[in-house]
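Atoms considered below: every heavy atom in the structure, side chains included; atoms not considered: hydrogens, waters and symmetry mates.
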Amino acid sequence: MHRARQHAATQTRERRHRLAHEAARLMAEGGIRDYHQAKLKAAARLDIHDDASLPRNAEIEDALREYQRLFAGADHGAHLRQRREAALRAMEFLGQFAPRLCGPVLDGTADANSPVQLQVHSDDADAVQRYFDEHGIPAELRTRRLRLDRERVLDVPVWVFSAEDLTFDTAVLPYDALRQPPLSAIDEKPIRRASVAQLREVLAEAEMAGYLQLG
């Protein structure tokens, strides 16, 4: 009985591993942005349908990093730096709204199709729209539901605009969210974010790592 349970647990782990890597491949090659969608599509492709075998989002994210390291190489690094440098310029432009960079461009899983995800802060939700209008920047309004904590969710305005041949996705949060970031959809922990100063440090560290690799 014990050996049978061990065998079943091993099979479940192996299926989770296969599903995580297939979902990561689909995200990297197919431009899928939603972890749940990638997970279900991978399960259908591999004909695995038991819930216990479905990997956590964090497992898919780890597999995505490994896939990009193995297959994307220098191109991935170039796309990532381009987006981080563009994010820095956008954040400097939006400086009065306490901007923060988040998402794949910050965590390093961005690809050639990834938008630059920013969060800005204002208790006047229309202030960001007025700012864009004043500077002649056409932006499309969308809405996103964010989880502030385990009990509270908030629908926030998201302004999507293009610059430098990139897409910028800018969510407007209340100022309270500076102290308490919303929860990540990946692991339900406070989302990782970077201020202008922190992003400059990230860029400097990446540049130094590049020099060390060349040396």
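Pairs engaging residues 113-128 under the salt bridge (charged side-chain N to carboxylate O under 4.0 Å, His left out) rule: Asp124-Arg130 [sequence neighbours left out].
Grouping the Ile, Leu, Val, Met, Phe, Trp and Tyr side chains by contacts below 4.5 angstrom, directly or via other members, places Val158 apart from Leu101.
Put simply, CZ on Arg193 and CD on Gln198 are 9.5 Å apart, with the number rounded to the nearest 0.5 Å. With rounding to the nearest 0.5 Å, the separation of CD1 in Ile48 from CG in Leu54 is 9.0 Å. Rounding to the nearest 0.5 angstrom, the gap separating the CZ atom in Phe93 from the CD1 atom in Ile137 is 3.5 Å. Between Arg56 atom CZ and Ile60 atom CD1 the span is 10.5 Å, to the nearest 0.5 Å. Separating the CG atom in Leu154 from the CG atom in Asp176 is a distance of 10.5 Å, to the nearest 0.5 Å. To the nearest 0.5 angstrom, Lys39 atom NZ is 10.5 Å from Met27 atom CE.
Side-chain N or O atoms of Asn57 include none that pairs as donor or acceptor with a backbone N or O of His36 at under 3.5 Å.
Qualifying side chain to side chain contact (heavy atoms under 4.5 Å, CB included) partners for Ala86, counting only residues two or more places apart in sequence or in other chains: Arg89, Glu164, Leu166, Phe168.
Checked for salt-bridge contact, Arg15 and Asp50 meet the test: a charged N lies under 4.0 Å from a carboxylate O. With respect to the salt-bridge test (charged N to carboxylate O, under 4.0 angstrom), the residues Arg16 and Glu59 qualify. In this structure, Arg81 pairs ionically with Glu85, as a charged nitrogen and a carboxylate oxygen lie closer than 4.0 Å.
Ring orientation note: the planes of Trp159 and Phe132 are nearly perpendicular, at an angle over 60° on the 30°/60° scale.
The salt bridge (charged side-chain N to carboxylate O under 4.0 Å, His left out) with Asp155 is formed by just one residue from the set Arg142, Arg145, Arg144; it is Arg145.
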